[in-house]
Amino acid sequence: EPPPPPTPAAAGVCCPPPPKCKCPQWDPLETAVPEDLQHASLTLIQRRLRPENNVAPSLREAASAVEHAGRAFEGWIRKRQALAEELPRFISKIDDCHAKAKAYLQSE
């Protein structure tokens, strides 16, 4: 005799409709970081601009400009994250320079 099929709740599907559903809900938009949301938006634009999608030339041009800006923004994010990883190595030098600059301004 075959085993019984899994219940909808065991399969990860809510049994009743959402108002009565007691299954845990997860919304990826609530937990995503801004970089992930921006990347998802850029990917969506890239997919919509594919040649098989009939897009008006003016919309294609505007979307292409947004895509270009999105790529530049992603590059800036990667550089910023790399800087954030390197910055702790220089914190003592930065603090020393800041103290010297502050002392110089107070001496005038």
### Query
How far apart are the C-alpha atoms of Arg71 and Gln46, what are their side-chain angles, what is the distance that settles it, and do they pass the side-chain contact (heavy atoms from CB on, under 4.5 Å) test?
CA-CA 11 Å; Arg71 286 179 188 263; Gln46 290 170 341; 2.9 Å; yes
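Atom CD of Glu61 is surrounded by 12 or fewer heavy atoms from other residues, nucleotides or ligands within 6.0 Å.
Among all heavy-atom pairs drawn from Leu49 and Ala63, the shortest one is CD2-CB, 3.6 Å. Nearest heavy-atom pair across Val55 and Arg48 is CG2-O, 3.5 Å.
Val66 and Phe73 fall into different hydrophobic clusters, defined by Ile, Leu, Val, Met, Phe, Trp and Tyr side-chain heavy atoms under 4.5 Å apart, directly or through other members.
Ser64 contributes no side-chain N or O that, together with a main-chain N or O of Arg60, makes up a donor-acceptor pair within less than 3.5 Å.
Under the 4.5 Å side-chain criterion, counting only non-hydrogen atoms from C-beta, Lys102 is in contact with Gln106.
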Going by atom type alone, with no hydrogens or angles, which donor-acceptor pairs under 3.5 Å involve a side-chain atom of residues 75-85 and a protein atom two or more places apart or on another chain?
none

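Of the inter-residue distances, the one linking Gln38 atom CD with Thr43 atom OG1 reads 8.5 Å to the nearest 0.5 angstrom. Here the CG-CZ distance, from Leu42 to Arg47, works out to 11.0 Å after rounding to the nearest 0.5 Å.
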